[in-house]
Amino acid sequence: MDTLNKAKGTKKPQRMRRKDARPTELIEAASSVFGEKGYAATRLEDVARRAGVSKATVYVYFENKESLFRAVARRAMASRAAEIRLEAAVFDESLALALENLITRFLEVNDKDNIFNLVRMVISEAHNFPDVAGIWNDEVVQPIMNKIAELISKAQSRGEVVNGDPNLIAFSVMGPIQMALLHRATFTVNAGKGLMMDALAKQHLKILIYGLLPR
């Protein structure tokens with residue numbers, strides 16, 4: 001009997017499991033609504049309706065729309081980090097291999113989780129809502145750029161890469177890829193046409209490695 005009671009005690013009631021999952025459900029709903037409507041037009045009522053809860057429930061977990069958007073940005077970063085994080089061992093391998101892994105994973109994750117709709121939203125509303133752009137930069141963009149700059153710095157210490165500011169080189173690494181993704185999301189109506197991202201990434205990598213090699 002004691003064993004049975006212990007076994008029962010290890011299981012969370014259905015309502016408790018539902019409550020634990022609520023913030024994630026709200027963030028997922030907010031990600032979709034922000035991406036579809038933009039920051040200005042999104043109301044917490046819209047998010048609540050998408051998540052199937054009351055507006056009061058949203059306020060239980062998030063103070064306001066800005067705090068909810070910050071949570072959305074952090075989730076986007078967590079999604080990217082799971083795909084593009086380079087383990088310490090990678091830094092000890094060739095720069096070409098490290099960059100190939102990073103760019104490939106970056107392209108893969110940008111096709112997931114409504115991220116690009118959010119990026120377009122941030123760009124379109126940055127002028128009117130600079131705080132929103134700041135949140136996205138702090139929570140998503142800068143951590144990725146810092147990781148790439150770290151990769152470049154380690155390669156420089158091995159004499160594998162030309163001297164220069166690792167942060168500026170990091171922008172040179174990711175700038176064309178970001179631009180290509182924006183181009184595809186903005187100008188390519190038919191997903192079957194337009195830029196071939198895999199081929200573009202390989203071409204960019206060739207040019208990049210040649211330009212970074214010490215003379």
Participant: With sequence neighbours excluded, what pairs up with K37 under the salt bridge (Lys or Arg N to Asp or Glu O under 4.0 Å) test?
Facilitator: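 K37 satisfies salt bridge (Lys or Arg N to Asp or Glu O under 4.0 Å) with D46 once adjacent residues are dropped.
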
Participant: Is a donor on one side and an acceptor on the other found under 3.5 Å between the side chain of N137 and the backbone of A133?
Facilitator: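 It does not hold such a pair.
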
Participant: Check D131, I27, T42, V122 against F69 for a side chain to side chain contact (heavy atoms under 4.5 Å, CB included) and give me the one that passes.
Facilitator: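 Per the side chain to side chain contact (heavy atoms under 4.5 Å, CB included) rule, the option paired with F69 is V122, out of D131, I27, T42, V122.
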
Participant: Nearest 0.5 Å, please: how far is OG in S54 from CZ in R49?
Facilitator: 12.0 Å

Participant: What pair of heavy atoms forms the shortest contact from V162 to P214, and how long is it?
Facilitator: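 So the minimum-distance heavy-atom pair works out to CG1-CA, 3.7 Å.
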
Participant: Rounded to the nearest 0.5 Å, what separates atom CD1 in I209 from atom CG in L99?
Facilitator: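 Interatomic distance, I209 CD1 to L99 CG, rounded to 0.5 Å: 5.0 Å.
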
Participant: Got P23 and L26 here, is their nearest side-chain heavy-atom distance under 4.5 Å?
Facilitator: no

Participant: Identify the heavy atoms of V132 and M121 that sit nearest to each other, and give their distance.
Facilitator: CG1-CE, 4.1 Å

Participant: Is there a donor-acceptor contact under 3.5 Å from the side chain of H204 to the main chain of M174?
Facilitator: no

Participant: At what distance, to the nearest 0.5 angstrom, does CD1 of I152 lie from CD of E150?
Facilitator: 11.0 Å

Participant: Going from CD1 on I103 to CD on E100, what distance comes out if it is rounded to the nearest 0.5 angstrom?
Facilitator: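 Separation between the atoms: 8.5 Å.
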
Participant: Can a donor-acceptor pair be found, under 3.5 Å and without considering hydrogens, that links the side chain of S67 to the backbone of E63?
Facilitator: yes

Participant: What's the shortest heavy-atom distance between Y39 and K65, and which atoms?
Facilitator: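 So the minimum-distance heavy-atom pair works out to O-NZ, 2.7 Å.
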
Participant: Check I177 against A201 and note the closest heavy-atom contact, atom names and distance.
Facilitator: CD1-CA, 4.3 Å

Participant: At their closest point, which heavy atom of S172 faces which heavy atom of L208, and how far apart are they?
Facilitator: O-CD1, 4.2 Å

Participant: I want to check something: taking the side chain as every heavy atom from C-beta on, are R75 and E28 in contact at a cut-off of under 4.5 Å?
Facilitator: yes

Participant: What's the spacing between L200 CG and M179 CE if we round to 0.5 Å?
Facilitator: 11.5 Å

Participant: Hey, can you pull the donor-acceptor pairs under 3.5 Å for the side chains in residues 164-171, sequence neighbours left out?
Facilitator:
from	atom 1	to	atom 2	distance (Å)
D165	OD1	N167	N	2.9
D165	OD1	N167	ND2	3.3

Participant: Restricting to non-hydrogen atoms, name the atom on A73 and the atom on I135 that form the minimum distance, rounded to 0.1 Å.
Facilitator: CB-CG2, 4.1 Å

Participant: Output all residues satisfying salt bridge (Lys or Arg N to Asp or Glu O under 4.0 Å) with E125, sequence neighbours left out; order by chain, then residue number.
Facilitator: none

